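Model, not experiment: these values are computed from the prediction. The chains referred to below are lettered A, B, ... by the order of the sequence lines, with proteins before strands, and numbering in each begins at 1.
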Protein chains: 2
Amino acid sequence: MDERALLLLGILMAQSQHGYQINEFIDKNLSRVTDMKKSTAYATLDRLCEAGYVEMHQEQEGNRPLRKVYAITPTGTEHFLALLRTNLAKVDPLNFASDIGMMFLDHLPCEESLSLLEERLRHLESEIRLYESAPRHGFGLGVDFAMEHHLVHQKADYQWLQSVIERLQTRKDV
Amino acid sequence: MDERALLLLGILMAQSQHGYQINEFIDKNLSRVTDMKKSTAYATLDRLCEAGYVEMHQEQEGNRPLRKVYAITPTGTEHFLALLRTNLAKVDPLNFASDIGMMFLDHLPCEESLSLLEERLRHLESEIRLYESAPRHGFGLGVDFAMEHHLVHQKADYQWLQSVIERLQTRKDV
DNA sequence: TTCAAATTAGTCATCGTTGACTATTTGCCT
DNA sequence: AGGCAAATAGTCAACGATGACTAATTTGAA
């Protein structure tokens, strides 16, 4: 949750923007870094306003609908830096939904488990290829680091899954 | 959310249990596999009851407080298997909170970023050691797979972070 | 025996997240 | 000129997750 705030404050550090603009930016450039949805962004911006970290005013351009323009305040800047420091020094908690399935492997016939895991392996492979072929548009060093990070984990996952499948196969043959 | 249900149904596949027992099991044996909290388990069990996947009845032993005993139904067993199949074939979505910090690295003086990342590296190292020295109690193959999985990712993360730090250091020297 | 701490068992208000929805404007094709 | 799709801008009800809380019972030590 703190990282949502960090992201929004960080975006506003570059320049004041209205909600739609912020969400568009996230959608088009950061969809591989965060899964935050539009409504979450608006809600989080509201909270940041209440906390005094962000200021909002309405604007109207031509006869387009009203826009809410958000700007970071001095207190907000301080808070941003505090969140950033914490974030950089913190190890992210790793939790894999798929581990829960692994625990119950033996409730399925061995061949079925294997074919399901092989399906997963194929999906993972195509995701990796997708990431590798993604344009290095380089919206700053950071996004590239994030991509790299993602890929490293995906590849580690791939190798691990492969070894699991191998071990299950030999166990089946025995 | 589906994995919460999968976990609870899977536990009930072994035997009917009361809420406290379930939560104790998760706490003592699966805290490294899931971060589900007590209240979430109770709430999820309620939902599983409403859906007809689980049946609940109250029991009283001696003059201890009432207990809610949960048992999986035939429909529940089917649902469990369906969730399991989906879970095994699915790639887990990877999202690192720390990537958001990486994007804003340049808002801090380079030395500070570096020392924060180094702190993270140390934390990660000690977490890895903790995992490596954890007892292989082996509550089934599954938990061991999950541990292994975790470790693989932690180590990949460690190496990546190390290389990031190195690159930032050379960049600083230039 | 008595008092504090731990264990047992679960509830609830609150908060964060999101899918689905509303409503207007602009661009484009025919 | 008419009409449909896409872009623009945001709202809201509903749901999932959880920290904090209640309350009784058992255990252990002084």
Side-chain angles (χ1 to χ4, degrees), chain A residues 1-9 11-12 16-31 33-51 53-71 83 93 95 97 100, chain B residues 1-9 11-12 16-31 33-51 53-71 83 93 95 97 100:
Chain A
M1 189 241 110
D2 272 352
E3 66 267 13
R4 317 279 202 188
L6 177 60
L7 176 57
L8 292 171
L9 291 175
I11 289 175
L12 292 178
S16 302
Q17 299 181 56
H18 58 92
Y20 189 81
Q21 216 172 138
I22 294 174
N23 279 303
E24 205 188 16
F25 182 78
I26 293 175
D27 241 50
K28 303 211 167 151
N29 306 309
L30 306 183
S31 51
V33 183
T34 181
D35 59 347
M36 183 169 46
K37 304 298 184 295
K38 229 175 21 147
S39 348
T40 309
Y42 281 112
T44 306
L45 284 168
D46 281 353
R47 258 171 269 139
L48 289 172
C49 278
E50 269 166 60
Y53 298 139
V54 159
E55 258 164 7
M56 185 263 284
H57 71 270
Q58 319 232 91
E59 255 185 26
Q60 190 148 20
E61 198 171 336
N63 41 2
R64 313 245 67 229
L66 269 183
R67 286 168 167 181
K68 298 186 166 181
V69 179
Y70 299 92
L83 287 177
N95 265 306
I100 297 193
Chain B
M1 188 237 111
D2 271 353
E3 67 267 12
R4 317 278 201 188
L6 177 60
L7 176 57
L8 292 171
L9 291 175
I11 289 175
L12 292 177
S16 302
Q17 298 181 57
H18 58 93
Y20 189 81
Q21 214 172 139
I22 294 173
N23 279 304
E24 204 188 17
F25 181 78
I26 292 174
D27 241 50
K28 302 212 167 149
N29 305 309
L30 306 183
S31 51
V33 183
T34 181
D35 59 347
M36 184 169 46
K37 303 299 184 294
K38 231 177 18 151
S39 350
T40 308
Y42 281 113
T44 306
L45 284 167
D46 281 353
R47 258 172 267 141
L48 290 172
C49 277
E50 269 166 59
Y53 298 139
V54 158
E55 259 164 6
M56 186 264 283
H57 71 270
Q58 320 231 88
E59 255 186 23
Q60 188 147 21
E61 198 172 335
N63 40 1
R64 314 244 67 229
L66 269 184
R67 286 168 168 183
K68 298 186 167 179
V69 179
Y70 299 93
L83 287 177
N95 265 305
I100 297 194

Inset, instruction - Mind calculating the distance between CD1 (B:I26) and P (C:dT8) to the nearest angstrom? - result: 16 Å
Legend entry - Between D:dA9 (C1') and A:L45 (CG): distance, integer Å: 13 Å
Legend entry - A:D35: partners by side chain to side chain donor-acceptor pair (under 3.5 Å), with sequence neighbours left out: A:R4
Inset, instruction - Could you check how far CG of A:D2 sits from C1' of D:dT18, rounded to whole Å? - result: 16 Å
Can you give me the N/O atom pairs linking the protein to nucleotides 13-17 of chain C at distances under 3.5 Å, or say none if there are none?
residue : atom : partner : partner atom : Å
C:dG16  : OP2  : A:R47   : NE           : 3.3
C:dT17  : OP1  : A:R4    : NE           : 3.1

Inset, instruction - Could you state the atom-to-atom distance from CG of B:D27 to C1' of C:dG10 in whole Å? - result: 14 Å
Inset, instruction - Would you indicate whether the side-chain heavy atoms of A:K38 and A:Y42 approach each other to under 4.5 Å? - result: yes
Inset, instruction - For B:K38 and D:dT22, give me the distance from atom NZ to atom P, rounded to whole Å. - result: 14 Å
Inset, instruction - Measure the distance from CG on A:L66 to P on C:dT25 and round it to the nearest whole Å. - result: 12 Å
Legend entry - Sequence-distant partners of B:E24, salt bridge (charged side-chain N to carboxylate O under 4.0 Å, His left out), two or more places apart: B:K28
Inset, instruction - Decide yes or no for B:I26 and B:V33: does some side-chain heavy atom of the first lie under 4.5 Å from some side-chain heavy atom of the second? - result: no
Inset, instruction - Return the value, rounded to whole Å, for the distance between atom NE2 of A:H18 and atom P of D:dG10. - result: 7 Å
Inset, instruction - Find out whether B:K68 and B:Q58 are in side-chain contact, i.e. whether some heavy atom of one side chain is under 4.5 Å from a heavy atom of the other. - result: yes
Legend entry - A:N23 CG to D:dT11 P, straight-line distance once rounded to whole Å: 12 Å
Legend entry - Beyond-backbone contact of A:L45 with A:I22, side-chain heavy atoms, under 4.5 angstrom: yes
